[in-house]
Number of protein chains: 2
Amino acid sequence: MVEAPRNTRQRRAVAELMEDLDGFRSAQQIHALLESRDQNVGLSTVYRTLQALADADEVDALRSDDGETLYRRCSRGHHHHLVCRDCGRTVEVEGPTVERWADRVAEENGFADISHTLEIFGTCASCRP
Amino acid sequence: MVEAPRNTRQRRAVAELMEDLDGFRSAQQIHALLESRDQNVGLSTVYRTLQALADADEVDALRSDDGETLYRRCSRGHHHHLVCRDCGRTVEVEGPTVERWADRVAEENGFADISHTLEIFGTCASCRP
DNA sequence: AGGAAGAGTGAGAACCGTTGTCAAATCGTG
DNA sequence: CACGATTTGACAACGGTTCTCACTCTTCCT
Ligand SMILES: [Zn+2]
Ligand SMILES: [Zn+2]
Ligand SMILES: [Zn+2]
Ligand SMILES: [Zn+2]
């Protein structure tokens with residue numbers, strides 16, 4: 001049985017902010033956004049809270065190509081992302097065909113305990129000239 | 001016109017080592033492997049050389065889930081990887097259907113300049129009880 | 001309500017992969 | 001060889017993340 005986390009001002013602030021965002025953001029961006037809302041939360045706490053939310057499957061985490069971990073409030077269940085490289089706007093996508101293909105390829109090569117990562121990046125309409 | 005790189009002992013050592021490996025390795029692992037071959041190469045040089053090889057498309061680079069960049073000598077052309085989580089053994093895989101699916105999904109959502117990442121992880125036959 | 005127990009917080013230090021610096025070494029050309 | 005340009009490598013710096021630990025706050029018990 002896992003202990004329920006305590007209901008602190010900081011956790012509420014982070015969770016509420018995540019509800020309001022619609023793209024992937026780094027921990028540091030989230031920390032800055034909280035300050036601009038006059039909801040100061042220590043950077044360590046932001047990191048810890050985001051990790052906890054990710055572990056609890058309440059946010060998705062993904063690594064940007066320059067090494068930062070980005071977080072976003074997402075719907076539950078397995079899905080992938082179409083992410084705008086400029087503004088971070090994100091569309092959740094599903095690809096049952098891809099899921100099956102990945103599992104089949106892995107099995108054919110004698111691999112077990114299969115998982116996969118798949119992200120699509122591009123420039124969204126409003127970020128184009 | 002791009003300048004041809006010089007043929008130095010260090011670049012030769014790294015390139016030769018990469019030929020002999022068949023899984024993804026970090027720059028630091030490669031640096032250590034070179035030492036164990038009595039082919040000492042400075043760590044900075046290992047990093048620079050691997051990046052150059054990756055830019056020249058002679059090795060593939062991929063980010064491990066703990067943030068390290070891993071390198072592997074691969075065949076040319078766009079492909080993806082089926083990687084053993086335990087031993088790093090890697091199978092190159094192609095999925096034309098997936099490529100098309102990703103491009104279509106992105107276009108349908110008004111995204112341009114599309115790229116994607118896709119890796120499959122599992123445990124290979126020889127790493128299982 | 002009052003208070004004890006212990007989870008949570010945050011300023012700062014530590015960590016770690018990676019990149020930058022720059023004087024010295026090396027390569028290739030003439 | 002001799003020269004100029006490239007490359008190297010010890011070391012410092014960087015940036016995101018994690019750790020530390022004294023202090024605070026939530027929770028729960030009486
Ligand atoms: Zn998601
Ligand atoms: Zn999937
Ligand atoms: Zn490859
Ligand atoms: Zn592809």
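Just so it is clear, the values below take in all heavy atoms, side chains as well, and ignore hydrogens, waters and symmetry mates.
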B:R89-B:S126 side chain donor-acceptor pair, cut-off 3.5 Å: no
Comparing B:Y71 and A:R11 on DNA chain C - which has the more 5′ nearest nucleotide: A:R11
Candidate nucleotides C:dT19, D:dT7, D:dT17, ranked by approach to the side chain of B:T8 - the nearest: D:dT7
Candidate nucleotides D:dG16, C:dG10, D:dT8, ranked by approach to the side chain of A:Q28 - the nearest: D:dG16
Atom-pair distance (CD on A:E35; P on C:dG10), nearest Å: 11 Å
Whole angstrom value for the distance that separates P of C:dG10 from CG of A:L50: 13 Å
B:R63 CZ - C:dC16 P separation (whole Å): 18 Å
Between B:S75 and B:E92: side-chain donor-acceptor atoms closer than 3.5 Å: yes
For atom CZ of A:R25 and atom P of D:dG16, their distance in whole Å: 16 Å
Sugar-phosphate, base or nothing in reach of B:T69, heavy atoms under 4.0 Å: sugar-phosphate
Sugar-phosphate, base or nothing in reach of A:Q51, heavy atoms under 4.0 Å: sugar-phosphate
Minimum-distance nucleotide to B:R48 side chain [options: C:dT9, D:dG9, D:dT7]: D:dG9
Given C:dT9, C:dG28, D:dG9, the nucleotide with the shortest approach to the side chain of B:N7: C:dG28
Ring centers of A:F121, A:H81 separated by less than 6.0 Å: no
B:Y47 side-chain N/O to C:dT18 phosphate OP1/OP2 under 4.0 Å: yes
Interatomic distance where CD belongs to B:Q29 and P belongs to C:dC16 [whole Å]: 15 Å
Separation of atom CG in A:L43 from atom P in C:dT9, rounded to whole Å: 13 Å
N or O in side chain of A:Q10 less than 4.0 angstrom from D:dT24 OP1/OP2: no
d(CD, B:Q39; C1', D:dT8) in whole Å: 16 Å
Step-by-step side-chain hydrogen bond (donor to acceptor under 3.5 Å, both in side chains) determination, A:R11 to A:T45: CA-CA 8 Å; A:R11 283 210 246 268; A:T45 301; over 6 Å; no
Short side-chain donor-acceptor distance under 3.5 Å, B:R63 and B:T117: no
Closest nucleotide among D:dG9, C:dG10, D:dT7 to the B:P5 side chain: D:dT7
B:H80 versus B:H116, side-chain donor and acceptor atoms under 3.5 Å: yes
B:A27 side-chain proximity, nearest of C:dG8, D:dT7, C:dT18: C:dT18
Interatomic distance where CZ belongs to A:R9 and C1' belongs to D:dC25 [whole Å]: 11 Å
Proximal nucleotide (of D:dT6, C:dG10, D:dT18) relative to the B:R6 side chain: D:dT6
Listed nucleotide nearest any side-chain atom of A:E68, set D:dG9, C:dT18, D:dT17: D:dT17
Nucleotide nearest B:S44 when distance is taken to its side chain, options C:dC27, C:dG20, C:dT9: C:dG20
